[in-house]
Amino acid sequence: QDTTVIGVSIPAATHGWAGGMNYHAQATVDRLEEVYPQLDFVLATASNAAEQVNDIEDMVATRDIAALVVLPFESEPLTGPVQALSESGIWITVVDRGLSVEGIEDLYVAGDNPGFGRVSGEFFTQAMPDGGQIVVLRGIPTTIDNERLAGFEEAIEGSGIEILAAEHGNWNRDDSFTVMQDFLSRYPQIDAVWASDDDMAIGAMAAIDAAGRDDIQFVLGGAGMKEMIQRTMEGDEMVPANVTYPPAMIATAIEMTAVGMTSNAPVSGTFTIGSVLITPENAEQYYYPDSPF
Amino acid sequence: MTPILALDDVSKHFGPVEVLHGLSFALYPGEVHALIGENGAGKSTTMKILAGYQPASSGRILLNDAAVTFDTMRDAEEQGIVMIHQEFNLAELLTVEQNMFLGRELRRGPFLRGAEMQRQTREHLARVECHADPRAPVQELSNSDKQMLEIAKALSRDARVLIMDEPTAVLTSNETEILFQQVRALRERGTAVMFTSHKLDEVKAIADRVTIMRDGKVVFSGPAEGLSEHDMAEAMVGRELSDLYPARPETVPGEVVLRVRDLDVPGHARDIGFELHRGEILGIAGLVGSGRTEAMEGLCGLRPATGAVEIEGEPVTIRRPSDALDRGLCYLTEDRKTRGLLLDKSMRENVTLQALPRRAGMMIDRAGEERILDEAIRDFDIRGARGVRVGNLSGGNQQKLLLAKVMQSEPRILVTDEPTRGIDIGTKQQIYRFLRGLADRGTSVIVVSSEMQELIGLCDRVLVMRLGRITGQLAGRDITERGIVRLAMGIAQEPGSRTGQGDVTPASNTIDADRPT
Amino acid sequence: MTQTDTATARPARRLPPMTVIGPVVALIALIVIGAMLNPNFLGYANLTNVLSRSAFIGIIAVGMTFVITAGGLDLSVGSMAAFIAGLMIVVMNAALPVLGVGLPVILLGVATALIAGLIAGLINGLLITKVGIEAFIVTLGTMGIYRSLVTWMADGGTLSLDFGLRTFYRPVYYDGILGISWPIIVFALCVIVGEIFLSRGVFGRHVAATGANAEVAHYSSVNTTRVRLATYVLLGLLVGVATIMYVPRLGSASQTTGILWELEAIAAVIIGGTYLKGGFGRVWGTVIGVLILSLIENILNLTDHVSPYLNGAVQGVMIILAVILQRGAKTGK
Amino acid sequence: MTQTDTATARPARRLPPMTVIGPVVALIALIVIGAMLNPNFLGYANLTNVLSRSAFIGIIAVGMTFVITAGGLDLSVGSMAAFIAGLMIVVMNAALPVLGVGLPVILLGVATALIAGLIAGLINGLLITKVGIEAFIVTLGTMGIYRSLVTWMADGGTLSLDFGLRTFYRPVYYDGILGISWPIIVFALCVIVGEIFLSRGVFGRHVAATGANAEVAHYSSVNTTRVRLATYVLLGLLVGVATIMYVPRLGSASQTTGILWELEAIAAVIIGGTYLKGGFGRVWGTVIGVLILSLIENILNLTDHVSPYLNGAVQGVMIILAVILQRGAKTGK
Ligand SMILES: Nc1ncnc2c1ncn2[C@@H]1O[C@H](COP(=O)(O)OP(=O)(O)OP(=O)(O)O)[C@@H](O)[C@H]1O
Ligand SMILES: Nc1ncnc2c1ncn2[C@@H]1O[C@H](COP(=O)(O)OP(=O)(O)OP(=O)(O)O)[C@@H](O)[C@H]1O
Ligand SMILES: [Mg+2]
Ligand SMILES: [Mg+2]
């Protein structure tokens, strides 16, 4: 019997969030191959844009895929190749990061990076009503990171919150640990830290504990790693909140694509998965104990 | 007649050490000029200055009576001055042909004329009767083939002045004779040829003029005739020279300490079998390529070999050199440059390298090393600044250092391969005495040598190898040049074949110091 | 004694044949595996894809072959490519308003790439030959420098070629003549020219001599400094060429561009049988090395037998296996 | 025969002095710069931070010094560390229910790390010495293998040590004696022992001899195969030790652990004055190299004169400058 092949192309697990996203992609693919015997999935992970284009080329050339679920490593470089695919009639599902040309994709499951920054920023403004001095840990230099920081700065505009310094922790515990240690020896007084990612938050907090500093009121991470959400649930002052950027959005996208391929239910359109503020109150519903992330 | 090339009051020092003190001598077209002297006297340095490889510290180089300075050897070469180094100056990874034309490739536009260069390489090699394959990487060549390649390379640059630093050290008598034919031809064509050699009979045989150096000074420079080998020898070492070879003791050899049976070294030697007695000096003769080196290396665990070996009565298996060393069996390589010494290290590190595991436990005692070095320098008369990079020692002094290094591990059975290669006559005498002394004190010694007089003068017994097999042995009075040659060439087995070739030239004889002069 | 034993005067063979067939065998093995795993593997589309995308690393690896044969090393090529790509894009975008979409802008970009590559190579080469610093350190340093320069130019994000310009430039990667795409053609040209110059050219011979024994080469009045400098400049130029092929493909550059290309290129060179310590090199071997590496990646995409997490492991194993096939030649450094 | 004058000759210096003072000068320069830029730079806290952080790379670099001095190279140490860390965590978590929080579990983890490191080093060493493949290729291969093994063990995510265990293990990184934290102490120990063995030990002498000329060493009855093998095993072990210090810091390992450590370690070794081509090495130099590298990073974080995007560039420049200071010694490879 003729099987429909769905290609899934995502960035490799080069940091925690991507790791979670990889996990969800893998899990969903395995599950759906059970559910839909007529579907076959190809999962490829790339560690840079060029490699991702290679993967997509290979899927078309050798696995003649009927649909592609892609989380673009970067928007610009993927736009051309993906456009070519959609012109050749392949169903395109874009996840998280939009392409730089409108209307290429049939289905867009969007994350909201500026929103992620904004929500984080708003939390700071209401957590520190009379302002304060904070340091920022940035991710791997990418458009995403820039968008998030922009959103954040916009949100804290005029709130009296001052960013002392922002360095790249590369969404990596070790790097953020190092950077945070040095921030601590550089600034005698830091009120709070925007780690912008839970991996970096963990590194930063390790540095703070080690330095035994009590001037830092809290560290805000992001993306909802299970350990961190747990700590929020348990009401840890250092981790008063979290901001979702669910890696599970890839699962949603794959699932909807599968439905689209197998039924004629209307699945096209844009579904934006906004970033939500997680607080001790609503923490349970964002807690996935069995995810590796 | 004006000299084509001359040195005028040239001095040279390396850092603090001055090694040449105000040299002056002249080189005339159409003459063969021998530069002789002890190890470390400064011969190579002098030649390097003549050929522009090293600048003089002071003094003038005169080319046709005009002072010149060679900034690079290229300048010298353009003046028609070509030099063959004491050390091989070949790129081992490259082929014979690539080395032959290195830096002077025949080109068509940016491209090589490969076929043409191959052809010419064959020609040049044919001139010196060397049969190496132009396409073979140099690292697969025998030492003597390497030397012949260097010579052919030098000859191919038809030079006005040809300078050769110990060209014959690794050559057989036959190859030496080939070289000398070429040299005579050059002399006819008015080329000035300068060479050094520690084989004074060669000097006697071909030199028109001789310059003798001692400790960086010229002690004699003049016509060769009327100058006997013995005179040269004494002028070099600056003292009376008695017998070159120590007297053979008439004592019967002691019990067997080494028994070898059907030793096979794949590709090089087959069913080698012999016995070595305590206190005996056993010579191994043979033509180059007869597999003496490989056989001995196989015996000492330096290359894969099979066979039954008994040391002091008990069978032993020797897989790696350390096994041999544990049994007091030690090998002195014929190739000091690439197998013998760490050229970039100091004398201290070299001299103790082999003995370390025995002398030291886990830690090295620097002071102890310095002491060992002091002894070595004294016992073997090694000359050269103490801290100098071993690669900068003179060739002969490197050889002495190598001997000292091997002796550190106090072998009970010592295998020496070409032990006096590139060593001056005075030191040779010392080394012969040293080896005999070892034997008298109960050490058993094997001497692999291409110098027949050495074997005849030194050894109690001589094995002869041919095509990787032992073809016979000679003892006591029977050790004669003719006897060795017959066995080495298999004439004993195949009467009549290739007869006579055995004694075309006695050039490989070292001088017999008590020959009346 | 008057002659040498001819017994051991063995016929001197050039290189153990295994070093020659080794890589070829490995390549064929991979092709067979690929064909068995997936019918489309040998299809025109897939082969074109694999070859075109190997072109970048391939062109660079050709230059790397010269550098390594001369006894050098260059770790900076990956980030150099990223930097040149970024520079090209910036320049072309800037010139667009003046020149408008069309050939002139492209030519400007091409010129930029070549000049930038040349200068970058020159800088590496001068630091290594004139100042005399370990090539490893110099190129490790410039690697970091170019990488962060491109990050800085892109403000941490992505530099993108103007969209109109991109569509105009795109064919340079995707089209070709007689169904052979341009990258493949350019790659082939570089290989042929490179192979000829390395094996038959005076320059190539001097490169090998320099790598084999710089001192001897110097004594033989080969200008080793210039030779080594030239290899780095050549490599820089070829990085420029590779970039010219690369930009039209994605029309963008970021700090992830060209990551690890240096290791891939060096690996390809060594898999191809060139000695890492210098003195012997062959361009055709390098090509095989490049193909082996990109086929491994391609094959991993053809199947879902291995978890994507383990791709790296499979590649690692394959690389080692490919070299074991020709280990006879050299003993591990 | 005339007596020689060697008795009177002074032992000449072994190395041009610049190679000795060069790295030291570079280090001092950095310290001065740091002190000028930020008052806290020389504070106890900051120095402890920097030194403890350098410990991982430092301990590895000590082993790398032996490998490189013997003429080898190892690109796999970074991912080897990640893999060992992952393994340690998995094993300790698994044993927790049985052994409970306490010393036994830690000891089990320590044993795991050491054994894993030893085996990993042995694998590299055997492939290089017995099978005879270029060290570059072997370790490039194993680099990929370990990296993806840890990704696979962690399902692409992060392996975390059980929380209770983490708090129990934590002091191994953060505490110490007399105000000197454990990583610093262990690092210092490795350095002292390493320096003694390399400069005064028979093994060290054999390592240098092997790197200088393996054939001469062989003819001097040094078992070069075993020596080279030993250096890789030693390095593997030290990677294990470094991991034992690393895990208690954050109690987690992911596939980003130890990325680029290999390059940092090699750079440190060369900055320290060890010859990349082998034959000469010094552990104390390596230490200075390590400190230079981590001080650069530290200084960059303590100031905002440069855009963070350009950190890499500054590091690159500094590395090259540091080596220029001692270029007299070796001419670029
Ligand atoms: N580059 C150098 N640096 C320091 N000393 C050197 C250097 N080159 C040569 N020497 C010293 O100069 C002296 C003369 O060396 P040279 O090689 O000229 O001797 P030689 O006459 O050729 O001896 P041999 O007959 O053994 O070859 C030796 O003591 C040697 O150690
Ligand atoms: N085909 C070859 N490849 C490499 N080395 C060779 C080859 N043939 C001979 N040799 C080397 O050439 C030299 C002479 O050959 P060999 O040692 O077998 O004979 P030998 O009797 O030892 O001669 P000698 O001791 O005078 O060199 C040795 O160093 C040997 O290793
Ligand atoms: Mg000499
Ligand atoms: Mg021999």
Side-chain angles (χ1 to χ4, degrees), chain A residues 5 7-14 19 22-23 25-26 29-30 33 40-64 72-81 83-84 100-101 138-147 149-150 166 168, chain C residues 34 37-50 52-54 56 82 89 147-148 150-152 154-161 163 166-167 170 173-174 246-261 294 297-304 307-309 311-312:
Chain A
V5 184
V8 181
S9 168
I10 54 177
T14 52
N22 272 255
Y23 165 82
Q26 197 102 64
V29 164
D30 296 347
E33 278 182 331
D40 191 1
F41 289 86
V42 196
L43 176 63
T45 65
S47 48
N48 60 54
E51 221 175 286
Q52 187 166 30
V53 175
N54 295 350
D55 294 343
I56 295 173
E57 284 177 352
D58 288 344
M59 289 176 186
V60 177
T62 64
R63 312 291 296 266
D64 41 40
F73 201 99
E74 284 156 1
S75 307
E76 295 289 344
L78 269 297
T79 304
Q83 191 170 26
S100 54
V101 173
R138 305 184 54 178
I140 296 169
T142 44
T143 326
I144 318 165
D145 184 61
N146 294 354
E147 289 173 357
L149 185 64
H168 289 279
Chain C
L37 286 174
N38 187 309
N40 306 330
F41 175 73
L42 290 177
Y44 168 78
N46 189 50
L47 289 186
T48 305
N49 288 343
V50 175
S52 320
R53 73 173 79 125
S54 332
F56 315 131
I89 291 171
R147 181 65 62 197
S148 53
V150 70
T151 319
W152 175 73
D155 256 326
T158 310
L159 288 162
S160 312
L161 196 57
F163 197 77
R166 198 184 313 172
T167 33
R170 224 168 155 282
Y173 178 83
Y174 289 96
Y246 174 84
V247 170
R249 184 179 187 208
L250 302 181
S252 73
S254 78
Q255 62 113 27
T256 57
T257 303
I259 265 184
L260 291 187
W261 281 9
S294 41
E297 210 167 285
N298 180 243
I299 288 175
L300 286 170
N301 284 337
L302 295 184
T303 63
D304 23 34
S307 142
Y309 297 139
N311 284 1

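Predicted, not measured: the structure shown is a model, and the values here were computed from it. Residue numbering restarts at 1 for every chain, and letters A, B, ... go by the order of the sequence lines.
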Taking side chain as everything from C-beta outward and backbone as N, CA, C, O, which of these in [X] sits under 4.5 Å from a heavy atom of chain A? Side chain, backbone, both or neither.
| X | value |
| --- | --- |
| C/Thr151 | side chain |
| C/Asn298 | both |
| C/Tyr44 | neither |
| C/Ser252 | side chain |

query: A/Gln83 versus chain C, heavy atoms under 4.5 Å apart: side chain, backbone, both or neither?
result: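 The answer is the side chain of A/Gln83.
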
message: Heavy-atom cut-off 4.5 Å, strictly under: side chain, backbone, both or neither for A/Val101 against chain C?
response: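 Looking at A/Val101, just its side chain touches chain C.
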
Kindly indicate whether the side chain of [X], heavy atoms from C-beta on, has any atom under 4.5 Å from the side chain of [Y].
| X | Y | result |
| --- | --- | --- |
| A/Glu51 | C/Leu260 | no |
| C/Asn38 | A/Arg63 | yes |
| A/Glu74 | C/Leu250 | no |

- request: Sequence neighbours left out, what pairs pass salt bridge (Lys or Arg N to Asp or Glu O under 4.0 Å) with at least one residue falling in residues 39-49 of chain C?
  value: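 Every pair satisfying salt bridge (Lys or Arg N to Asp or Glu O under 4.0 Å) with a residue in residues 39-49 of chain C: there are none.
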
Quick one: [atom1] on [X] to [atom2] on [Y], what's the gap to the nearest 0.5 Å?
| X | Y | atom1 | atom2 | value |
| --- | --- | --- | --- | --- |
| C/Asp155 | A/Asp145 | CG | CG | 11.5 Å |
| A/Ile140 | C/Gln255 | CD1 | CD | 7.0 Å |
| C/Thr158 | A/Glu76 | OG1 | CD | 7.0 Å |

When [options] are compared by non-hydrogen pairs under 4.5 Å with chain A, the top option:
| options | value |
| --- | --- |
| C/Ala253, C/Ser294, C/Ser254, C/Ala154 | C/Ser254 |
| C/Ala45, C/Ser52, C/Ser160 | C/Ser160 |
| C/Asn49, C/Asn46, C/Thr167 | C/Asn49 |

For chain C, the option from A/Thr45, A/Val53, A/Asn54 that forms the most heavy-atom pairs under 4.5 Å: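 The option with the most such pairs is A/Asn54.
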
Set of residues satisfying ring pair (Phe, Tyr, Trp, His ring centres under 6.0 Å) with respect to C/Tyr173, sequence neighbours excluded: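 Checked C/Tyr173 against ring pair (Phe, Tyr, Trp, His ring centres under 6.0 Å); matches are C/Phe56.
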
- prompt: Which heavy-atom pair separates A/Ala61 from C/Asn40 by the least distance, and what is that distance?
  reply: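 Heavy atoms only, the tightest pair is O-CB, 3.5 Å.
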
